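Everything below concerns the one structure shown next.
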Amino acid sequence: MNKKHISITSLLLSTLLLWQCEPNVYSFTPSSGEADFSKFIAVGDSYTAGYTNGALGQKGQKESFAYIVSEQLASVGSTEFNQPLVQSTSSVGTTVLGPDQNNGYYQLQVVNGSLSPVPTVGDMAIFAEQVYNAENQNFGVPGAKSFHLLAPGYGNPAAGAGNFNPFYTRFMSSTSSSVVNDAVAANATFISLWIGGNDVLGYALAGGEGDMITPASSFDDYMTLISQSLFSNDKKGVIANVPGVEALPYFSYIPYNVVEIDQATADALNQAYSQYNQISDTYGFDRIEFVAGYNALVIEDENYAHPAKIRQMKATEKVLLSASSGISNPEMGWGYISPLGAEYVLDETELSDLNAAVTAYNVTIKSIAEQYGLAFVDLHTLMDKLNSEGLLIDGNEYSTTFVTGGIFSLDGIHTTGRGCAIIANTFIDAINKQYKAQIPLANINDYKTVEFP
């Protein structure tokens, strides 16, 4: 055998070996598995509706997690996803108006030399839109709690201001209808249910000073009735649990020790609180003291034994995002010149009550998933992971950090388009697992995150 023959033989052998070692490219073929996705509906609250950046508008509706799931289901037999789309080019977040009707989408704008979320002018005419459609498939109602889905007349304006939901009024089938009954009438083949966040969020947004946490036993009763209505007769679907409020940047963006001052200011504040500290020294209470650098906020606490009913915050307590303007304004000086109101703080007891409720809610939701054989989405764990360590997806890092984390919009509660896509993919993963389906995941980078000017 000559050298030329050896080199040709070696080349052939090498090529053969490389060909044998070439990885097999997995050919993904969409499949519906054991479920029928021909008519998909979604039931829930603001997340399902597409509320983002503090308001509801068509832009958010077309990037809601429900809409993104529907787009992916199109490859496994789902028809178009009809929504009660906002007809206006604007948005609206609340019926409560500011001096300039600033109740539309938040945008980042330069305020006092730095970027801050600022609400745009909302369009109140959106609440007067009549977009009822018998073919509607999105039954997401911003502000809805679990029991609201069952309430007849939940969208009836005749109930009076504060007693009906104008977001539901837009697409209710009648003044006596309930969200659940309208959803059942849609005759879906596959249903998404995500509800329960507002059952704790109203209390949290008021700093524990207003609204109430839905009792766990009541939540169990409501969810039993909702699931019986939606998932009886072997109806297939997916259900998600409730994230903890501490994962939301609205409750974690401002640190408890946000007050940064120099030594002269610290001395002046210590002098201002000298009488408080004299009483503290006499009766064994903690002093309120300031140093140069960062300091814990001073807050109101009606349960505190000190006669002044104020104290400095603990590291384990949370400041609400709504306090930011008062804290950052040196003339107002919330938390140091004047105590921060209790409605802007979640103390240890309030946080414990919130966490206990969410834990109980999620036990109920998991039990319903098992009872009806539904796909189960653990969004509580997902948000906890995003909050504690973040996620790396398609080369981008995501976290719950306010503004820059990519997940949450400028209201600090609702997600961006990319946040919705990550949630949608979590739903799809659960559906694929439960029903042996092969639904393709959404491309996260196709959706928007916080937009900078």
Side-chain angles (χ1 to χ4, degrees), residues 45-47 51 54-56 92-99 102-103 106 117 119 122 127 141-151 154 159-168 195-219 222 242-254 256 297-304 309-311 313-314 316-327 332 334-335 338-361 411-414:
D45 53 29
S46 50
Y47 273 84
Y51 196 101
L56 184 72
V92 67
T94 175
T95 57
V96 179
L97 298 177
N102 290 337
N103 62 341
Y106 281 92
F127 287 130
V141 181
K145 299 182 180 182
S146 56
F147 57 88
H148 288 145
L149 299 186
L150 296 161
Y154 181 49
N163 298 316
F164 75 102
N165 189 314
F167 289 104
Y168 180 45
I195 194 71
N198 289 321
D199 288 80
V200 290
L201 192 57
Y203 176 87
L205 289 172
E209 301 302 307
D211 208 336
M212 292 179 60
I213 297 173
T214 302
S217 58
S218 298
F219 182 82
Y222 302 140
V242 180
V245 298
E246 292 179 64
L248 306 179
Y250 193 93
F251 305 100
S252 59
Y253 176 64
I254 302 175
Y256 80 101
L297 291 162
V298 177
I299 63 171
E300 296 176 355
D301 184 353
E302 63 181 13
N303 296 315
Y304 191 48
K309 300 297 180 184
I310 63 174
R311 61 176 175 82
M313 281 190 71
K314 302 175 183 177
T316 52
E317 297 173 324
K318 299 294 182 182
V319 185
L320 276 58
L321 185 62
S322 52
S324 59
S325 59
I327 293 172
M332 299 173 72
W334 287 3
S338 61
L340 184 62
E343 67 271 24
Y344 296 106
V345 176
L346 288 175
D347 63 29
E348 288 180 328
T349 299
E350 291 161 345
L351 287 168
S352 177
D353 291 343
L354 286 163
N355 290 330
V358 169
T359 298
Y361 294 176
D411 61 28
I413 296 171
H414 300 91

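Positions are given from 1, in the same order as the sequence printed here. Values in this document were obtained by computation on a predicted structure and should not be read as measured data.
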**OP:** Evaluate the side-chain proximity of V200 to F219: yes if any heavy-atom separation is below 4.5 Å, no if none is.
**Re:** no

Subject >> D199 vs I213 side-chain heavy atoms within contact, under 4.5 Å >> reply: no

For [X], what residues pass the side chain to side chain contact (heavy atoms under 4.5 Å, CB included) criterion, not counting sequence neighbours?
{"X": "D347", "value": "R311, E317, T349, E350"}
{"X": "V92", "value": "N103, M124, I126, F127, F167"}
{"X": "S218", "value": "T214, P215, Y222"}
{"X": "T316", "value": "K314, E348"}

Report the residues that fulfil side-chain hydrogen bond (donor to acceptor under 3.5 Å, both in side chains) with [X], sequence neighbours left out, ordered by chain and then residue number.
{"X": "Y168", "answer": "S177, D182"}
{"X": "K309", "answer": "none"}
{"X": "D411", "answer": "S409, H414"}
{"X": "Y51", "answer": "none"}

Original post:
Take atom CE in M212; do more than 12 heavy atoms of anything else shown fall under 6.0 Å from it?
Top reply: no

Original post:
Listed by chain and number, what are the ring pair (Phe, Tyr, Trp, His ring centres under 6.0 Å) partners of Y256, not counting sequence neighbours?
Top reply: none

**OP:** State which residues pass salt bridge (charged side-chain N to carboxylate O under 4.0 Å, His left out) with D211; sequence neighbours excluded, sorted by chain then number.
**Re:** K145

Specify the closest pair of heavy atoms between [X] and [Y], including all atoms of both residues, with the distance to one decimal.
{"X": "A144", "Y": "L149", "value": "CB-CD2, 4.2 Å"}
{"X": "W334", "Y": "A323", "value": "CE3-O, 3.9 Å"}
{"X": "G143", "Y": "H148", "value": "O-ND1, 3.9 Å"}

Output the distance between atom [atom1] ([X]) and atom [atom2] ([Y]), rounded to the nearest 0.5 Å.
{"X": "I327", "Y": "I254", "atom1": "CD1", "atom2": "CD1", "result": "4.5 Å"}
{"X": "Y47", "Y": "I195", "atom1": "OH", "atom2": "CD1", "result": "12.5 Å"}
{"X": "S46", "Y": "L56", "atom1": "OG", "atom2": "CG", "result": "9.5 Å"}
{"X": "E209", "Y": "E300", "atom1": "CD", "atom2": "CD", "result": "8.5 Å"}

Original post:
Can V319 and M313 be said to form a side chain to side chain contact (heavy atoms under 4.5 Å, CB included), step by step?
Top reply: CA-CA 9 Å; V319 185; M313 281 190 71; 3.5 Å; yes

**OP:** Test L340 against V298 for side chain to side chain contact (heavy atoms under 4.5 Å, CB included), laying out the working first.
**Re:** CA-CA 6 Å; L340 184 62; V298 177; over 6 Å; no

**OP:** I would like to know whether L320 and V345 meet side chain to side chain contact (heavy atoms under 4.5 Å, CB included); could you show each step before the answer?
**Re:** CA-CA 6 Å; L320 276 58; V345 176; 5.6 Å; no

Distance-only criterion, 3.5 Å: show the donor-acceptor pairs between side-chain atoms of residues 243-251 and protein atoms not counting sequence neighbours.
residue: E246; atom: OE2; partner: N355; partner atom: ND2; Å: 2.9
residue: Y250; atom: OH; partner: S322; partner atom: OG; Å: 3.3

Original post:
Short question: side chain of N165, backbone of Y154 - any donor-acceptor pair under 3.5 Å?
Top reply: no

**OP:** Begin with the C-alpha distance, continue with both residues' side-chain angles, and end with the deciding distance and a verdict on side chain to side chain contact (heavy atoms under 4.5 Å, CB included) for I299 and I310.
**Re:** CA-CA 5 Å; I299 63 171; I310 63 174; over 6 Å; no

